[in-house]
Amino acid sequence: MIKGNWTRRLVLLAGLAMGVTALTPVYAQDAKPVVIASSEDIISLDPHMLDSNNPTGSAIWSIFDSLVRRDKDGQAQPRLATSWERVDDLTWRFHLREGVTFSNGEAFNAEAVKVNFARMDTAPFNSVQQLHDQTGLTAVNVVDDFTLDLVTAAPTVNMLYWLEEAFVAAPAYITDTAPDVVASAPIGSGPYKFVEWRRGDALVLTASDTYWGDAPAVKDIIFRAVPEMSSRLNELAAGTVDIVVGITPDAAAQANTDVSDVVQIEGLRKMHMGISIKGEQPALADPRVRQALNYAVDVPTIIDSLLGGSTKPLLSIVNPPNNNPDLTPYSYDPEKAKALMAEAGFADGFPLTIQWSTRFDGGKDVSEVVGSFLEAINIKPTYEAVEIGQFREALSSASLKGIYFQGWAALINPSVELVILTCGHVDNSSGYCNPDYDKLVIEASQTLDDAKRQELEYAAQAIIWNDAPWLYLWRLPNIFGISKTLSYEFRADNYLEPYLITYK
Amino acid sequence: MRRSATSVFLRRNALGLLGLTILVIVALAAIFAPWVAPYGPAKIDLMARLAPPAWIDGGSLKHLLGTDNLGRDILSRVIYGAQISLSVGAGAVVIGALIGSFIGLLSGYFGGIVDAALSFLVNVQLAFPFTLLAIFLLSTFGGGFTSVVVVVALATWVNYARVVRGQVMSVKNQEYVEAAKSVGVPTDRILRRYILPNAFSSIIVVASFSMAQAILTEAALSFLGVGIGSATPSWGTMLNDGRSYLQNAWWMTAMPGVATALTVLAGNLCGDWLQDRIDPRLRK
Amino acid sequence: MFSFLSKRFLQALLVLLGVSFATFIVGHLTGDPVELMARENATEQDKQDLRVYLGLDRPLEQQYFSFIVKAVQGDLGFSFVQQAKVSQLIAERLPATLQLAAAGFLLALAISIPLGIIIALNRGTIWDFLVTTLAMAGQAAPGFWIGLMLVVLFAVHLKVLPVSGYGGAAYIVLPAITLALQSSARLTRLVRASMLEVLSADYIRTAHSKGLRERVVLFVHAFRGAMIPVVTMAGLELAELVSGAFITETIFAWPGIGRLAVTAVSQRDFPVIQGVVLMSAAFFVLINFLVDVLYVVIDPRVKLK
């Protein structure tokens with residue numbers, strides 16, 4: 001009797017389950033919201049707490065505007081600023097867009113920018129925002145309502161780059177409202193405005209009726225957090241999700257279904273095994289040993305098998321089109337690697353700790369494969385997974401043990417890409433230090449003449465390539481899935497711009 | 001409706017012996033892994049990735065249980081994995097038993113304020129959400145074999161403390177203990193010679209359950225990515241590795257899962273059996 | 001009875017204080033949280049600003065004291081990383097966790113109590129053997145593994161249930177089953193054992209000898225007696241379901257407390273971690289207290305003490 005009751009319960013439950021599936025509302029094509037599924041949660045909607053590209057960054061990019069928009073090729077485009085020029089070596093002048101209002105009715109002007117930039121320079125935001133530290137910004141001068149001067153301590157070629165991620169929120173709102181409200185009910189001037197946020201589940205946005213630009217083709221956007229990749233793929237196939245971010249190469253084929261396509265983009269993030277020069281293995285201080293590591297690993301084969309051929313080996317530590325064309329990837333040459341090891345006095349190899357974090361998918365796999373190649377030149381690897389927070393700490397204090405899987409600088413800006421390997425730079429996790437290199441990089445970053453700057457940057461790239469503070473791997477492949485009803489050009493830096501999505 | 005006592009007895013022994021046999025086989029496999037396993041646990045073969053088990057289309061006898069995403073032989077990894085899983089279990093059992101029994105002993109023997117303080121400790125430990133505590137500790141102090149063993153032991157010491165405390169309280173007023181006290185035997189000797197031996201059988205019973213629990217806990221922690229990151233995988237690590245291959249290579253998750261379940265089952269069977277044989281009073 | 005309960009209540013409060021203290025200490029043992037919260041390349045000045053902003057420049061005992069005073073008022077602090085009140089973050093996630101825990105718990109009870117009684121009454125038969133073995137197997141398999149296998153079967157191959165997510169009733173089925181399986185395996189065995197013990201106890205024999213009908217004996221006397229250990233165990237199971245659903249929530253993308261906490265650990269979001277620990281400890285302590293109360297209600301012997 002009791003058993004019968006239980007069976008009935010199960011039947012009821014199953015019936016309920018099917019009922020729900022059947023009841024999913026059917027939208028007309030244009031009215032249907034576009035659902036974007038990513039693995040991570042959106043952390044905060046405060047534009048000045050932004051520190052990750054997707055999904056938090058994509059949402060911020062949709063709700064807020066910056067002065068300058070970074071397009072998919074890394075070029076600066078007008079946004080809230082319509083044009084800009086250098087007044088002198090230390091001063092940038094921006095002409096601002098007129099007639100822009102925030103979604104709560106506040107007006108946009110030079111004063112609004114000043115308020116926002118000041119907020120970015122105070123705690124807690126200055127522990128996340130980089131505008132002031134990276135550009136040496138010292139003063140924000142309001143010339144008139146729609147003209148703004150930015151003054152820096154030293155000449156900088158990086159102003160536009162950092163402005164692209166300096167977002168402007170409604171000034172009175174962010175000043176007068178409690179911080180938790182600012183971060184959970186954002187007010188910006190961007191193409192979309194905030195509707196609802198169920199933390200850990202979904203963020204709902206709708207096209208803003210006060211937007212200054214062309215209305216986006218897609219009216220409603222939903223960002224969803226779906227941590228399991230298999231779930232994201234299943235939902236894509238079922239049509240309950242339209243765009244999937246974060247697919248591993250082995251699963252790429254599963255995004256090709258009746259209703260969706262897979263899109264593979266060679267990303268910008270330069271994946272490598274960082275080589276800890278001041279770590280626990282002193283042999284790594286010898287450049288010949290570091291070159292040997294590079295010759296010992298068959299990068300193309302790893303790309304073809306583990307990554308399904310979805311990317312290519314690194315050509316330089318600077319992304320195309322600014323890479324030095326004379327540099328070529330280290331070939332797979334175990335004999336040469338052994339010779340270099342012998343020359344450095346390590347014919348019998350040495351023990352080496354290989355570390356990775358959960359920051360990038362497949363870190364463990366890559367580490368183990370790289371380790372197996374290094375065994376062939378007598379290196380004895382041990383493996384160590386490091387928790388993400390701890391890994392970040394070790395990176396910033398350059399205290400990793402041996403070699404470690406890491407990716408840097410998903411961007412196109414040679415100056416920013418090169419500076420991270422200068423002596424003592426906080427991002428210089430390998431502890432590499434070469435004064436000749438530093439001189440070239442610093443001179444380049446203050447050289448306003450393009451041709452001259454390129455020459456200096458090429459020379460710096462050549463030095464770093466041969467000194468090999470990294471075991472160079474590949475550019476992180478980005479694999480997306482997208483519904484056949486939509487068209488969108490994905491960006492290599494992993495930001496999504498829903499306002500550029502169109503219906504086919 | 002009721003069977004004869006002998007048949008019940010036989011059946012109980014049969015299950016216990018079955019458990020013991022499985023445990024012995026797993027332990028032997030772990031010890032003799034280099035001779036038993038067809039490949040090394042870290043032998044990568046990028047040309048033989050994601051091969052299915054032998055009995056499925058596309059599988060071959062070269063890899064009985066298939067290969068993983070790096071082309072490593074799953075059978076070999078399961079065999080080597082037993083080394084890690086069992087040693088974590090054993091390590092945690094030893095540490096947990098030492099700490100837990102010591103606390104239980106003090107708590108039960110001295111009673112009063114000592115008992116109150118130690119019971120408070122036990123209650124605080126129980127109230128802590130263990131998984132969160134474990135993730136937090138391992139992520140801040142780092143993974144690695146030792147820390148995982150210690151953290152897993154944290155989950156089990158309370159069981160020993162409770163059981164030992166009860167046992168101690170029931171014997172501490174017995175005549176022979178009183179007699180020893182009255183002739184001036186030092187306290188530490190009384191504890192070691194007269195009290196502790198009474199608790200041994202219960203400790204062994206708790207240990208066999210804890211072993212099983214420890215293996216499960218280690219698997220869960222590795223699954224969450226805060227376990228031991230060594231080239232020799234634990235079963236939990238293998239489960240975690242297989243997670244993104246559920247759709248195209250279910251065997252990556254199924255095989256270590258079965259191994260874990262079998263071993264834990266064996267541990268529990270042994271525990272039940274010992275409990276019935278040695279110490280039926282512990283049965284809840 | 002009143003003194004028994006009020007003593008228990010006091011104990012519960014003390015335990016909570018202990019938990020909060022331990023959490024606080026662990027949180028501060030792990031080094032300077034500012035180092036972990038600030039971006040990798042923040043300047044010393046940026047870090048010092050943050051330290052002052054977060055009140056971390058004050059003496060430790062002052063920090064702890066103000067944490068406790070605020071916690072008593074329901075203010076669990078402010079998550080700097082998410083720019084949100086911790087109490088609100090928890091309040092937002094709590095319903096999902098409670099839903100899942102309740103579904104899992106009811107399912108576990110619905111399976112284990114009838115099953116346990118039936119096999120106790122049919123002791124020694126093949127059914128007893130089968131169910132007991134199955135329960136042991138269920139107890140032995142890692143819960144998350146069963147969860148994954150359920151996903152492969154029902155969501156990937158049969159496609160009758162969603163893989164993961166939060167929404168309609170269909171979404172709760174797999175995570176609830178995953179959560180319930182291990183509890184029900186444990187509880188089934190416990191119900192069986194406790195039922196067997198009660199059936200052989202004196203007062204049941206007395207009831208039989210008084211000529212009471214089998215069914216009355218079974219449900220009025222035996223059932224009630226057998227439920228006493230089950231209530232304790234069920235209480236523990238429920239507390240564990242609430243605070244221990246981390247893995248299940250991760251697998252099924254269930255937006256509950258567990259996922260909040262796991263994310264907070266990787267973000268080094270200490271106020272959130274502290275809040276979640278305190279909340280689940282409070283829940284554990286509360287359930288145990290309720291179990292004590294229930295004891296007094298069900299078990300006539302406790303009243304006599």
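Proteins come first, then strands; the chains are lettered A, B, ... in the order of their sequence lines, and each starts at number 1.
Within a 6.0 Å radius of CZ in B/F120, other residues, nucleotides and ligands contribute more than 12 heavy atoms. Within a 6.0 Å sphere centred on CZ of B/R162, other residues, nucleotides and ligands contribute 12 heavy atoms or fewer. Within 6.0 Å of the CD1 atom in B/I113, the count of heavy atoms belonging to other residues, nucleotides or ligands does not exceed 12.
Side-chain contact check for B/L239 versus C/F144: some heavy-atom pair is nearer than 4.5 Å. By the 4.5 Å heavy-atom criterion applied to side chains, B/W235 and C/W145 are not counted as neighbours. Inter-residue side-chain proximity for C/V285 and B/N123 is flagged as unmet; no heavy-atom pair is nearer than 4.5 Å. Inter-residue side-chain proximity for B/Q125 and C/V19 is flagged as unmet; no heavy-atom pair is nearer than 4.5 Å. Residues C/V277 and B/L133 are not in side-chain contact: their nearest non-hydrogen atoms beyond the backbone lie 4.5 Å or more apart.
Here CG of B/N268 is found 6.5 Å from CZ of C/R189. Values are rounded to the nearest 0.5 Å. Note that CD1 of C/I273 is 5.0 Å distant from CZ of B/F136, once rounded to the nearest 0.5 Å.
Both the backbone and the side chain of B/L126 come within contact range of chain C, with heavy atoms under 4.5 Å apart. Contact annotation for C/M136: both backbone and side-chain heavy atoms come within less than 4.5 Å of a heavy atom of chain B. Of the atoms belonging to B/A219, heavy atoms from both backbone and side chain fall under 4.5 Å from chain C.
The two residues B/L132 and C/A261 have their closest heavy-atom pair at CD1-CB, 3.7 Å. The two residues C/A22 and B/F128 have their closest heavy-atom pair at CB-CE1, 3.7 Å. A pairwise comparison of heavy atoms in C/V15 and B/A127 identifies CG1-CB, 3.8 Å as the closest pair.
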Using distance only, find each side-chain donor-acceptor pair of residues 250-265 of chain B under 3.5 Å and give its atom names and separation, not counting sequence neighbours.
from   : atom 1 : to     : atom 2 : distance (Å)
B/W251 : NE1    : B/A51  : O      : 3.2
B/W251 : NE1    : B/T67  : O      : 3.0
B/T253 : OG1    : B/W250 : O      : 3.3
B/T260 : OG1    : B/P256 : O      : 2.7
B/T263 : OG1    : B/A259 : O      : 2.8

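The greatest number of non-hydrogen atom pairs below 4.5 Å with chain B, out of C/G18, C/G258, C/A264, is found for C/G18.
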